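Not measured: the values here are computed from a predicted model. Each ligand, and each atom within it, is numbered from 1 in the order the structure gives.
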Amino acid sequence: ATYETLLVEQREGGVSLITINRPQALNALNGQVLADLTAAFSAYAADDTQRCAVVTGSEKAFAAGADIKEMVDKAAADFFIEDFFSGWQANLVATRKPWIAAVAGFALGGGCELAMMADFILAADTAKFGQPEIKLGVAPGMGGSQRLTRAVGKAVAMEMCLTGRMIGAEEAKQSGLVARVVPAAELVEEAVRTAQTIAAMPPLAAMINKEMVNLAFESGLAQAIQIERRLFQILTATDDRTEGMTAFIEKRPGVWKGR
Ligand code: HXC
């Protein structure tokens with residue numbers, strides 16, 4: 001499929017590389033990007049050959065936020081009726097397959113929120129994260145106030161939301177917002193390599209590991225540990241678990257069936 005605002009490439013080893021491509025607006029997230037990303041994720045979810053995805057932007061901007069020029073004339077009722085950005089919940093947030101955000105340059109407002117929907121963020125040393133919505137008289141509206149606070153803690157999140165201050169890659173790393181910082185020139189290839197590592201894992205185990213870590217943000221500790229134990233037990237019923245343990249003992253790589 002081709003998209004107006006995205007480039008989608010299938011890389012070796014079952015990796016989909018999705019590049020947001022609206023350079024004239026620093027990848028601002030207008031209705032077309034919203035629809036294209038929803039469609040691209042739906043295609044990724046449906047394609048059994050694809051096991052991990054990477055979402056990235058340009059060197060200058062991952063995404064500079066929701067499109068302010070598109071929002072300026074909308075009435076409150078329009079935001080409500082369109083239920084602005086709710087479409088990403090089903091396709092980007094709730095996808096069971098893993099995906100990584102590879103962020104260089106600006107990830108602001110909705111751009112920062114998009115990155116935080118990913119399973120984890122790899123940042124270029126040029127990355128800048130911020131929630132500057134307050135300067136526009138609004139506030140984060142796609143999960144930013146909650147995901148940022150869970151990632152970096154109250155102090156940094158509150159300061160960022162109240163002042164609009166951006167944090168750089170190193171501060172984002174120290175705060176726990178990103179998994180790793182890499183030189184900008186290596187960002188996309190490093191993200192693809194990382195995705196290839198994940199894509200080479202037994203796929204059911206990848207989906208369940210993802211679900212388990214996400215549980216930490218969605219339920220109480222005792223209940224989450226109980227569910228973790230059950231999910232672990234379910235994985236022991238898979239062919240790939242038998243293969244994985246046998247392959248270890250036989251000192252050879254596992255060959256996965258995805259069952
Ligand atoms: C529309 C945008 C845009 C945006 C940049 N552009 N960000 N257009 N929406 N969010 C456009 C500019 O208007 C300009 O177009 C072109 O991209 C280049 O941007 P410049 O400002 O000239 O670049 P620079 O001086 O390098 O500054 C970069 C920047 C700045 C610091 C990222 O553009 C900026 O502050 N952007 C807005 C960031 C922001 O407030 N994001 C939050 C949006 S609210 P022209 O035509 O002039 O060349 C949000 C709410 C989410 O995300 C909740 C939804 C439910």
Subject >> Sole residue of N27, T19, D36 in side chain to side chain donor-acceptor pair (under 3.5 Å) with T5 >> reply: D36
Subject >> Flag if over 12 foreign heavy atoms under 6.0 Å of NZ, K210 >> reply: yes
**OP:** Below 4.0 Å from any atom of ligand 1, which residues have a heavy atom? Give them in chain and number order, please.
**Re:** Q24, A25, L26, A28, K60, A64, G65, A66, D67, I68, K69, M71, F84, F85, F106, L108, G109, G110, E113, P132, E133, L136, G141, M142
Original post:
Would you say F129 and V182 are hydrophobically clustered, going by side-chain heavy atoms of ILVMFWY under 4.5 Å?
Top reply: no
Original post:
Are the side chain of Q196 and the backbone of E12 linked by a donor-acceptor contact shorter than 3.5 Å?
Top reply: yes
**OP:** Would you kindly confirm whether I100 and F62 end up in one hydrophobic cluster when ILVMFWY residues are joined by side chain heavy atoms under 4.5 Å apart?
**Re:** no
Original post:
Looking at Y44, is K97 sitting on its ring face, NZ or CZ under 6.0 Å from the six-membered ring centre and within 45 degrees of the normal?
Top reply: yes
